[in-house]
K.L.:
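First, the structure itself, so that you have it in front of you.
Just so it is clear: chains get the letters A, B, ... in the order the sequence lines come, proteins before strands, and each one is counted from 1. Note that the structure is predicted; figures quoted are calculated from it, not measured. Just so it is clear, the values below take in all heavy atoms, side chains as well, and ignore hydrogens, waters and symmetry mates.
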There are 2 protein chains.
Amino acid sequence: MTRAQRAVLGALAAEGPFVSAQDLHAQLRGAGDRIGLTSVYRALQALADSGDVDVLRTPSGEATYRRCGSDRHHHHLVCASCGKAVEVEAPALERWVRQVAATHEFAVDSHTLEISGRCRTCARD
Amino acid sequence: MTRAQRAVLGALAAEGPFVSAQDLHAQLRGAGDRIGLTSVYRALQALADSGDVDVLRTPSGEATYRRCGSDRHHHHLVCASCGKAVEVEAPALERWVRQVAATHEFAVDSHTLEISGRCRTCARD
DNA sequence: TTAGTTGCAAAAAGTTTGCAGCACG
DNA sequence: CGTGCTGCAAACTTTTTGCAACTAA
């Protein structure tokens, strides 16, 4: 594990919000780290490949990252306001996906489900 | 409705695959249309806003568009190879989403479910 | 010494915006 | 006329790549 990967993992507090590479870089720089943006991108890519961080694409197209509590396959409930994310497992959904795909004679490669909303704190504006 | 919107809607055959703005532009140009890339982007944005086309972001982050058969809320089963898409409605999923959100005290704004796989034709390589 | 890591600068890719000209009521 | 549409060129954003300097076994 490289220095950049350690720095990124450290900044990506477990259970925290999804953060973009740029934000993460700014955060690390702000904390005194001299890390370059390139290294942040490279570290995130490596960590995502190894499954140590989850990637989520925002509607605007930018990739955001998070260190998740579970190694298992799961989905996210994300607060559109504060970014807080909850991990949810959905065995019934997985079964349903496979069944629907079979009906249409598709072999499933992958699927994504993301729920966007407001957490209780942010809901009362 | 502008000329660009008519051209885009025409090129975006109903029930066809999801297509990027760039591909759509190339396709229209190839067919002899003198339309500019800017107009394609503007037309797609307007059509997406009015709900006449569905938008899907590919894993690489580029936006793709499709004219769907149903006006109702639905999800997609997309072939990763040929782009063919099937629309699926999932009332049970919608109920499940609301219930999970309620459990975590989230007010749901929106949710997305996309299934990526291979259709029968593409599966036999 | 050598394989891997770093960060800057530049490039790439997708999308948006400024603006002058055009079309059409 | 004037309002809105058009397309080019330029700007912008996010991400990737080339490369020379650096680091650590």
K.L.:
Does a side-chain heavy-atom distance below 4.5 Å link B:Asp33 with B:Arg3?
P.N.:
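When only atoms from C-beta onward are counted, B:Arg3 and B:Asp33 do touch, with a gap below 4.5 Å.
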K.L.:
If you compare every side-chain N and O of A:Tyr41 against the phosphate oxygens of D:dT15 (OP1, OP2), does one of them come in below 4.0 Å?
P.N.:
yes
K.L.:
Do B:His76 and B:Phe18 have ring centroids that are under 6.0 Å from one another?
P.N.:
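Close enough - the centres of the two rings lie under 6.0 Å apart.
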K.L.:
Let's test your reading of the model: under 3.5 Å, does the base of C:dG14 pair with the side chain of B:Arg57 as donor and acceptor?
P.N.:
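Result: no qualifying N/O pair found.
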K.L.:
How is the hydrophobic cluster of A:Val108 composed, in terms of its other members, when Ile, Leu, Val, Met, Phe, Trp and Tyr link through side-chain heavy atoms under 4.5 Å apart, directly or indirectly?
P.N.:
A:Leu77, A:Val86, A:Val88, A:Leu93, A:Trp96, A:Val97, A:Val100, A:Phe106, A:Leu113, A:Ile115, B:Leu77, B:Val86, B:Val88, B:Leu93, B:Trp96, B:Val97, B:Val100, B:Phe106, B:Val108, B:Leu113, B:Ile115
K.L.:
Need to verify one output field. Residue with the more 5' nearest nucleotide on DNA chain C, B:Ala63 or B:Arg42?
P.N.:
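The answer here is B:Ala63.
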K.L.:
Taking 4.0 Å as the cut-off, does a side-chain nitrogen or oxygen of A:Thr38 come that near to OP1 or OP2 on D:dT16?
P.N.:
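Answer no for this pair, as no side-chain N or O of A:Thr38 is under 4.0 Å from OP1 or OP2.
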K.L.:
At under 4.0 Å, does any side-chain N or O of A:Ser39 touch on OP1 or OP2 of C:dG7?
P.N.:
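Answer yes for this pair, as a side-chain N or O of A:Ser39 is under 4.0 Å from OP1 or OP2.
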K.L.:
Once you round it to whole Å, what is the distance between P of D:dT6 and NE2 of B:His25?
P.N.:
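Going from NE2 in B:His25 over to P in D:dT6 covers 13 Å.
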K.L.:
Mind checking whether A:His111 and B:His75 have ring centres under 6.0 Å apart?
P.N.:
no
K.L.:
Could you state the CG-P distance from B:Asp49 to C:dT16, rounded to the nearest angstrom?
P.N.:
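B:Asp49 atom CG is separated from C:dT16 atom P by 11 Å.
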K.L.:
Over how many whole Å does the gap from A:Leu28 atom CG to C:dG7 atom P extend?
P.N.:
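Whole-Å distance recorded here is 10 Å.
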K.L.:
Measuring to OP1 and OP2 of D:dC22, would you say a side-chain N or O of A:Arg34 lies under 4.0 angstrom away?
P.N.:
no
K.L.:
Provide, to the nearest angstrom, the distance between the CG atom belonging to A:Leu37 and the P atom belonging to C:dA9.
P.N.:
13 Å
K.L.:
Starting from the 5' end of DNA chain D, give me the residue, A:Ser20 or B:Ile35, whose nearest nucleotide shows up first.
P.N.:
B:Ile35
K.L.:
Just N and O in the side chain of A:Gln5: are any of them under 4.0 Å from OP1 or OP2 of C:dT5?
P.N.:
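No, outside the criterion.
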K.L.:
Whole angstrom is fine here: how far is it from CG in B:Asp23 over to C1' in C:dG14?
P.N.:
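Result: 12 Å.
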K.L.:
For the CZ atom of A:Arg124 and the SG atom of A:Cys119, what is their distance to the nearest 0.5 Å?
P.N.:
9.0 Å
K.L.:
Could you check how far CZ of A:Arg3 sits from C1' of D:dT23, rounded to whole Å?
P.N.:
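In whole Å, D:dT23 C1' lies 11 Å from A:Arg3 CZ.
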K.L.:
Side chain of A:Gln22: nearest nucleotide among D:dG7, D:dT15, C:dG7?
P.N.:
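Nearest to the side chain of A:Gln22 among the choices is D:dT15.
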K.L.:
Would you mind reading off the distance between B:Leu47 atom CG and D:dC5 atom P, rounded to a whole angstrom?
P.N.:
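Taking atom P of D:dC5 as the reference, CG of B:Leu47 is at 13 Å.
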K.L.:
Can you figure out which of C:dT16, C:dC8, D:dT14 approaches the side chain of A:Glu62 most closely?
P.N.:
D:dT14
K.L.:
Using a cut-off of less than 4.0 Å, is there contact between a side-chain N or O of A:Gln45 and OP1 or OP2 of D:dT16?
P.N.:
yes
K.L.:
Would you indicate, yes or no, if C:dT6 has its OP1 or OP2 atom less than 4.0 angstrom from a side-chain nitrogen or oxygen of A:Arg6?
P.N.:
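Result: no.
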